[in-house]
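Note that the structure is a prediction, hence the values are computed from the model and not measured.
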Amino acid sequence: MQSIEITRPDDWHVHLRDDPVLRDTVKDISRYFGRAIVMPNLATPVTNVEMASQYRRRILAHLADDSAFEPMMTLYLTDRTTTETVKQAGQSGLIRAFKFYPAGATTNADAGVQKMESIYPLFEEMTLQRIPLLIHGEVADPGVDVFDREAVFIDRHLDHLVKSFPELKIVFEHISTAGAVQFMQSSPANVAATIAVHHLLYNRNHLLADGMKSLYYCMPILKERADQQALIKAATSGSSKYFLGSDSAPHAQSAKEDCSGCAAGAYTAHAAIELYAEVFDEAGALDKLEGFASHFGASFYGLPRNSDTIQLEKRPWLVADRLSFGDQHLVPIRSGQEIRWSVTA
């Protein structure tokens, strides 16, 4: 197949950061996505409705006048979040979800939750307010191997959480292991998962073989080829339990290449749907891309599908070596290389 037309897709997990780089990240995410769930882990976390409202205004200020793109806002859960904050979020009409980060698990997660069970009353209120819970599903325990953090999180926390809150919508974000896929296959209908395109494209050999490649360093970290294959099978299965969440996470080139502590994150917003199209094409499942990218996420969040379409063609194009990132630069996934699919309309 040389071309495909799909309903305009949405990105249900993206990092845009904040000014002065919003000019660049908003330009990329709004190019063909209709909506995006915007992560709240800024340097100063977005923890209440007013902060989310201000952040949304900063994002909108960088949209073209004719853009129909909608940033969907989230709040960052901390040990100090109150049930009143959850009630205000539910009544605001602005907040689409709350985000759970284990303290210290990833970029700007220092303000995250120390012990998930301590905030169970917040999950009860979220159930009442019908606000989904988005989960970075890793433990931050330094005694746990970095490649096992997701599996241990499932065993220690997620299985019990799902059983405790059967009416709370939960998104297990950026799953990265065959074990997570197995967990999802047995999970109830209130639990869904996003799959990031870099976890479909790469495995830990790309990261570690023939020298450490900082471009591919992310959290959750890339896993074995068997995990990658399990994720591809899940994403292309046609199951509505999985949908697009790029987890595009920009960092300046200097932060990604810092030998004293490489920043975790892969930037894919410049070409996300084109890269997903490559994966689905190679799996012989282009007919499943529209559901994954355009239908299943909207249904899970109780939102209408986008009413217009985009056209993808099998037409290669060359990614720039570097992209503008405020007054610095970032190196995107596939920098200096071709991507085989293009958005043409």
Side-chain angles (χ1 to χ4, degrees), residues 2-4 6 8-11 13-34 36 38-39 59 61-64 66-67 69 71 107 174 196-203 206-207 210-219 222 244-259 262-282 289 293 310-345:
Q2 298 301 308
S3 67
I4 182 173
I6 65 171
R8 183 180 294 277
D10 300 304
D11 190 338
H13 182 133
V14 70
H15 299 267
L16 298 180
R17 309 306 186 203
D18 207 349
D19 283 327
V21 305
L22 277 177
R23 175 195 66 195
D24 301 303
T25 58
V26 170
K27 172 178 62 67
D28 285 345
I29 195 63
S30 63
R31 184 163 58 96
Y32 46 65
F33 284 117
V38 180
M39 292 295 105
I59 294 169
H62 293 282
L63 287 172
D66 60 349
S67 175
F69 173 76
T107 302
H174 45 53
V197 71
H198 49 278
H199 284 125
L200 299 175
L201 289 168
Y202 307 113
N203 59 58
H206 296 94
L207 173 67
D210 301 319
M212 167 72 175
K213 308 295 193 306
S214 62
L215 185 65
Y216 302 128
Y217 180 65
C218 57
M219 286 294 171
L222 298 174
L244 190 158
S246 71
D247 191 23
S248 178
H251 292 282
Q253 182 175 1
S254 58
K256 286 295 291 179
E257 297 177 358
D258 185 349
C259 63
C262 170
Y267 191 69
T268 56
H270 65 296
I273 197 65
E274 297 96 326
L275 291 168
Y276 279 108
E278 274 197 13
V279 173
F280 278 69
D281 185 23
E282 290 178 5
L289 178 62
I310 66 169
Q311 186 83 22
L312 285 151
E313 291 187 13
K314 204 167 188 179
R315 180 189 301 177
W317 58 284
L318 186 67
V319 178
D321 291 333
R322 299 191 304 173
L323 300 177
S324 175
F325 189 56
D327 59 358
Q328 301 184 69
H329 291 90
L330 65 77
V331 179
I333 290 295
R334 286 285 179 83
S335 63
Q337 302 176 54
E338 282 191 345
I339 294 176
R340 292 190 293 277
W341 284 81
S342 301
V343 175
T344 58

J.: What's the spacing between Ser342 OG and Leu312 CG if we round to 0.5 Å?
T.: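 Reported to 0.5 Å precision, the distance equals 8.5 Å.
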J.: Please confirm whether the backbone N or O of Ile333 pairs with a side-chain atom of Tyr216, one donor and one acceptor, at under 3.5 Å?
T.: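 Answer holds: no.
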J.: Would Arg315 and Glu274 count as a salt bridge (Lys or Arg N to Asp or Glu O under 4.0 Å) if you check the C-alpha gap in whole Å, the side-chain angles of each, and the deciding distance to 0.1 Å?
T.: CA-CA 10 Å; Arg315 180 189 301 177; Glu274 297 96 326; over 6 Å; no
J.: To the nearest 0.5 angstrom, please state how far the OH atom of Tyr202 sits from the CG atom of Leu215.
T.: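 Tyr202 atom OH to Leu215 atom CG measures 7.0 Å (nearest 0.5 Å).
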J.: Mind listing the closest non-hydrogen atom pair of Ile273 and Tyr32 along with its distance?
T.: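 For Ile273 versus Tyr32, the nearest heavy atoms are N-OH, 3.0 Å.
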J.: Report yes if some heavy atom in the side chain of Met39 is under 4.5 Å from a heavy atom in the side chain of His13; otherwise report no.
T.: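 Result yes, sub-4.5 Å side-chain heavy-atom pair found.
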J.: Give, for atom OG of Ser30 and atom CG of Asp11, the distance between the pair rounded to the nearest 0.5 Å.
T.: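 So the OG of Ser30 and the CG of Asp11 are separated by 12.0 Å.
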J.: Which heavy-atom pair separates Ser248 from Pro250 by the least distance, and what is that distance?
T.: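 Between these two residues, the closest heavy atoms are O-CD, 3.9 Å.
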J.: Considering non-hydrogen atoms only, spot the tightest contact between Tyr267 and Leu330 and give its length.
T.: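 Heavy-atom minimum between the residues: CD2-CD1, 3.5 Å.
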J.: Just one of His329, Lys27, Arg23 clears the side chain to side chain donor-acceptor pair (under 3.5 Å) bar with Ser324, so which one?
T.: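 One option only clears the test, and that one is Arg23.
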J.: Find the distance between CD1 (Ile310) and OG1 (Thr344) and round it off to the nearest 0.5 Å.
T.: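 One gets 9.0 Å once the value is rounded to the nearest 0.5 Å.
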J.: Does the Trp341 side chain pair with the main chain of Leu275, one donor and one acceptor, at a distance under 3.5 Å?
T.: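 Not confirmed, Trp341 side chain does not pair with Leu275 backbone.
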J.: Ser3 versus Gln311: any side-chain heavy-atom pair under 4.5 Å?
T.: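 Of all side-chain heavy-atom pairs linking Gln311 with Ser3, at least one is under 4.5 Å.
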J.: Any non-hydrogen side-chain atom of Leu16 less than 4.5 Å from a side-chain atom of Ile59?
T.: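 Counting from C-beta outward, Leu16 and Ile59 do come under 4.5 Å.
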J.: What heavy-atom pair brings Asp321 and Pro332 nearest, and what distance separates the two atoms?
T.: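 Looking at all heavy atoms of both residues, the shortest contact is O-CD, 3.8 Å.
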J.: For His270, does its backbone N or O pair with a side-chain atom of Arg31 as donor and acceptor, under 3.5 Å?
T.: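 Yes.
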J.: Would you call Arg334 and Glu278 a salt bridge, using N to O less than 4.0 angstrom?
T.: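 Looking at Glu278 together with Arg334, the answer is yes, because their closest N to O distance falls below 4.0 Å.
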J.: Can you check side-chain contact (heavy atoms from CB on, under 4.5 Å) on His199 and Cys218, steps first, answer last?
T.: CA-CA 9 Å; His199 284 125; Cys218 57; 4.0 Å; yes
J.: I need the single residue from Lys256, His251, Glu257 that forms a side-chain contact (heavy atoms from CB on, under 4.5 Å) with Gln253. Which is it?
T.: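 Answer after filtering Lys256, His251, Glu257: Glu257.
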